[in-house]
Amino acid sequence: MATTTSVPRFLLPQRGLIWRRIPPTLTTPSGPGGSRVLIRFASSKPSNTTTPKKPLVLEKPERFNPPSHGARLPKKGGLPKHYGGGLSEAEFAKQKTSQYPGMMAPEGTFEYKFWHNPWIHTVIALTALASLSFWTYTETFKAKSPYYDMVPSWSDIFWHPITSTRQLIEVLQLNSAYEAAKAQEKRERKINDVAKRLTYRRAHGLPDEMGLFADHPWNKEDQENQQKELAKAQEGVKDSSEDGGVPAGTAR
């Protein structure tokens with residue numbers, strides 16, 4: 001009796017007639033024993049397409065297992081819930097004196113007093129600000145003052161502190177006088193520019209008022225009043241010259 005051997009498809013060569021979509025049939029006998037090869041596809045079991053698939057039903061747990069990280073955030077102001085009894089007074093007292101890694105020092109220790117002392121933080125902050133301000137003033141004085149070369153060196157300050165202090169005070173006074181003269185010169189330059197601009201406008205018959213509100217009604221009224229007063233003054237000068245040099249409106 002001839003034997004039949006079933007070979008899976010993935011073990012067969014990828015080329016040849018066996019890859020054609022044909023029903024599985026017996027091939028010609030191969031070998032002297034007359035054994036035949038049966039072509040079998042990936043699954044030999046027929047698929048039941050007529051029976052509907054049932055939905056997957058999870059197994060019911062024996063008890064409720066709460067998740068370690070809930071999907072919803074806890075309510076504001078609410079304490080975190082834990083499954084168990086409350087802590088006793090002894091456990092609360094022990095927590096206050098226990099040192100935990102990555103947390104602040106417990107009460108009663110030097111580290112706790114250091115980190116909770118406001119005066120220490122105030123002194124540290126003021127020292128840092130004073131150092132930054134001194135460094136900024138020094139760099140500004142070094143870059144802009146012409147008297148920086150007269151500042152005593154650190155060795156002179158260490159070996160001759162009194163003389164170096166006097167010399168430093170004199171240098172600061174010279175620098176202050178230089179800055180004051182520089183500011184006064186700048187102020188005088190601006191005043192001269194304003195005076196020249198005013199002289200030019202008067203020489204060309206332009207109004208003295210300049211800016212956004214130069215044509216405002218109250219400026220026009222002031223100009224008219226000034227012109228009237230100037231005309232009256234000119235008339236008084238003429239009358240006084242005719243009457244013998246006494247201005248008009250004055251007692252002889």
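The list of side-chain hydrogen bond (donor to acceptor under 3.5 Å, both in side chains) pairs with a residue in residues 95-114, not counting sequence neighbours, is empty.
Under the side-chain hydrogen bond (donor to acceptor under 3.5 Å, both in side chains) criterion, Asn117 pairs with no residue, sequence neighbours left out.
Hydrophobic clustering, defined by side-chain heavy atoms of Ile, Leu, Val, Met, Phe, Trp and Tyr closer than 4.5 Å, leaves Val57 isolated from every other such residue. Residues Tyr137, Phe141, Tyr147, Tyr148, Met150, Val151, Leu168, Val171, Leu172, Tyr178 make up the rest of the hydrophobic cluster containing Leu174, defined by ILVMFWY side-chain heavy atoms closer than 4.5 Å, directly or through other members. Counting side-chain heavy-atom gaps under 4.5 Å among Ile, Leu, Val, Met, Phe, Trp and Tyr, Leu132 is found in no cluster with other residues.
Within 6.0 Å of the CD1 atom in Ile162, the count of heavy atoms belonging to other residues, nucleotides or ligands does not exceed 12.
Rounded to the nearest 0.5 angstrom, Ser131 OG and Trp135 CH2 are separated by 12.0 Å. The distance from the CD atom of Glu139 to the OG1 atom of Thr136 is 8.0 Å, given to the nearest 0.5 Å. In this structure, the separation between NZ on Lys94 and CD on Glu91 is 8.0 Å, given to the nearest 0.5 Å. The distance from the CD atom of Glu179 to the OG atom of Ser145 is 7.0 Å, given to the nearest 0.5 Å.
Side chain of His121 to main chain of His116: no donor-acceptor pair is present (N/O by atom type, distance under 3.5 Å, no hydrogens or angles).
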For residues 185-194, which side-chain donor-acceptor pairs fall under 3.5 Å, sequence neighbours excluded?
{"from": "Arg187", "atom 1": "NH1", "to": "Gln184", "atom 2": "OE1", "distance (Å)": "2.6"}
{"from": "Glu188", "atom 1": "OE2", "to": "Gln184", "atom 2": "NE2", "distance (Å)": "3.3"}
{"from": "Asn192", "atom 1": "ND2", "to": "Glu188", "atom 2": "O", "distance (Å)": "3.1"}

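A continuous path of ILVMFWY side-chain contacts below 4.5 Å connects Met104 to Ile124, so both sit in one hydrophobic cluster.
With 3.5 Å as the limit, one finds no donor-acceptor pair spanning the side chains of Ser164 and Asp156.
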